[in-house]
Structure formats: C-alpha cells, structure tokens
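Both backbone and side-chain heavy atoms feed into the values below; hydrogens, waters and symmetry mates do not. Quantities reported herein were computed from a predicted structural model and do not represent experimental measurements.
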Amino acid sequence: MQTPYLPLAGLRGLILGVANEHSIAWGCAREAHRQGARLALSYLNDKARSYVAPLAEQIDAPIFPCDVTVPGSLESFVEQGVASLGGLDFAVHAIAWAPAADLHGRVTDSSREGFGQAMAISGHTFAELGRLCEPHMGHGGALITMTYHGANVAIPHYGLMGPVKAALEGMVRYMALELGPKGIRVHAVSPGPIMTRAASGIAHFDELLATAQQRAPLQRLVTQEEVGALTAFLVGPGGSGMTGQTLFVDGGMHAVG
C-alpha cells in the first residue's frame, strides 16, 4: 500500500475566521488537515460555536473563542491554541469586518470611526497575531492573511474594504521584512469572489460573482479547496523560499483588470 503524501505532517497551525462550512477559513483548515497538519480553530461567540464545533470535530481540532474586538481575546486564543498543539508553525488570518453603513456607502463619505474599526479588525489584527505568534516560532513559521483584488483596483461596491485590504497587503510586506530574519514567512492570499457569510454583506455581491466568472481567463469562480491548497502550499515546505507576496487564486482575474 502506497504511503500517503502528507507535506504538512508534524506542523501545527491556528486558523482564525471559521464561521461555517462556506468560510474560506474552513477551506484552509480542511486542506491543511488533509495534508497532515494539526490545528486549533477560533469561533466568534456562542452562536458561531454551534456552526464551528461540528466542523472542528471532522478534523479533530480543538476550538477556542476569539472576538478580536474584546481586549485580551486574541491573546487568549493564541495562548490556548498553542498550548493545545504543543507548539506553533503557522497561523491563518481570515477575518474582516466593516460597519454596514460605511461598507455600503462611498469611500468618500466613510466615517472616521467606521474606517478605524474596519482597519483595526480587518488589518491591524494581523499584525497583532504576528506579534503573538512570533515567540512560539523559534524555528521559523508562516503567517497567512486573506485579501482581495479590490486592494489593487477600484471595484464597484467593494467600497471601504478596498483601502483596508490595500493597507493589509502593505502590512504583509513590512511584516515579512521584520520577521524574515527569524525564519517567519508572511503572505497574503487573494482569492477570487466566493460566496461566504462575510461576502454576503457586500452590496450587489451577485454582480461581482457574475463579472468575475465572465471576465476571468478561466471563465469560472474559484473554490474553497483551491484557496486551501494554495494556503497549505505556502505554509508547507514547498513555500519555504517565499515571503512578502500577495498570491492570487482568482481564475486569472487580476491579470485582466
């Protein structure tokens, strides 16, 4: 019998952002598990726990609460997750949020408070996660976040999240510079549009899906599994010589504008 190829065997990772079976974070968790990684997952609150717990059972992963708007919550999640795994090799950050009024309006009209909240939750938490994970990655590791092509070009209805994701991609480059000497690699993965609970909050998201499918060179939408496969590659041995990049898995949409 042929031995299965498990490139992530022995690696331990934290996955933030699983909300339900449609989450990009769940696609990443499922693929990392399939490739041999041991994982710990976060859930937002008691309501979310009922959706996340059955998924975690499928991959034998412990779950811990994490609401990044609550002081100390992210610190507690990292501490509990690392303790449960006995160490840490990678973390995947797949959380984003903006107030609906600011998200659905013009960037020009966005409130200072709403912009600050969106930036803190969707962007700065990745830096916080890096700071918290760094002491546990004495032998190197990988940090991955999720972005979107709206960081690079203005996309109708993506609104406030475009500038926020642009800042996040800049943060990836600076974190790669700062953490590289310790062997910690940092990347942003940029999927094409996928219908998730978070995406449903974007106005006219169905139009965005249709446009992507029509204009992308592959003429189709991408899947959770494809995003998970790229993420698993980046945190594993195949991505050992790479850092500081935004990598697209969008059917080629980024190449045609």
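Counting heavy atoms of neighbouring residues, nucleotides and ligands inside a 6.0 Å radius, atom CD of E79 does not exceed 12 of them. With a 6.0 Å radius and a threshold of 12 heavy atoms from other residues, nucleotides or ligands, F64 has its CZ atom above the threshold. Residue N45 qualifies as enclosed at atom CG: its count of foreign heavy atoms under 6.0 Å is above 12.
A distance of 15.0 Å separates CH2 of W26 from CD1 of I24, quoted to the nearest 0.5 Å. Separation of atoms CG (L103) and CG (L160) is listed at 7.0 Å; rounding is to 0.5 Å. Separating the CD atom in Q117 from the OG atom in S122 is a distance of 10.5 Å, to the nearest 0.5 Å. Atom-to-atom distance recorded for S42:OG and L14:CG is 9.0 Å, nearest 0.5 angstrom.
When only modelled atom types and interatomic distance are considered, R30 and Q58 share no side-chain donor-acceptor pair under 3.5 Å. Between the side chains of S84 and Q80, no donor-acceptor pair of N or O atoms lies under 3.5 Å.
Taking Ile, Leu, Val, Met, Phe, Trp and Tyr as members and joining any whose side-chain heavy atoms lie under 4.5 Å apart, directly or through other members, the hydrophobic cluster of M253 also contains V256.
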### Message
side-chain contact (heavy atoms from CB on, under 4.5 Å) for V235 and H187? Distances and angles first, verdict last.
### Response
CA-CA 9 Å; V235 305; H187 291 294; over 6 Å; no
### Message
Using the rule given for side-chain contact (heavy atoms from CB on, under 4.5 Å), can you reason through I95 versus T145, listing the C-alpha separation, both sets of side-chain angles and the distance that settles it, and then say yes or no?
### Response
CA-CA 8 Å; I95 56 177; T145 190; over 6 Å; no
### Task
Could you give me the CA-CA distance, side-chain angles and deciding distance for H93 and L143, then say whether side-chain contact (heavy atoms from CB on, under 4.5 Å) is met?
CA-CA 8 Å; H93 172 278; L143 300 167; over 6 Å; no
### Query
Stepwise, does the side-chain contact (heavy atoms from CB on, under 4.5 Å) test hold for F77 with V82?
CA-CA 8 Å; F77 168 68; V82 171; over 6 Å; no
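Residues satisfying the salt bridge (Lys or Arg N to Asp or Glu O under 4.0 Å) test with D102, not counting sequence neighbours, are none.
Inter-residue side-chain proximity for Q245 and L234 is flagged as unmet; no heavy-atom pair is nearer than 4.5 Å. Put simply, the side chain of L39 does not reach to within 4.5 Å of the side chain of L85, judged on heavy atoms. Using a 4.5 Å heavy-atom threshold, the side chains of Y148 and M161 count as separate. Counting heavy atoms from C-beta on, the side chains of L74 and L16 come closer than 4.5 Å. Between T231 and E31 the shortest side-chain heavy-atom distance does not fall below 4.5 Å. Taking the side chain as every heavy atom from C-beta outward, V186 and I144 never approach each other to under 4.5 Å. Side chains of R38 and L11 form no contact here, defined as non-hydrogen atoms less than 4.5 Å apart. Proximity of F115 to P163: side-chain heavy atoms (C-beta onward) are separated by under 4.5 Å at one or more points.
Ring geometry, H149 versus H254: the interplanar angle exceeds 60°, so the pair is classed perpendicular (tilted spans 30 to 60°).
Look at E226 and R220 and you find a salt bridge, because one of the NZ, NE, NH1 or NH2 atoms lies within 4.0 Å of a carboxylate O, short of that distance.
No single ILVMFWY cluster, assembled from side-chain heavy atoms under 4.5 Å apart, contains both F126 and V164.
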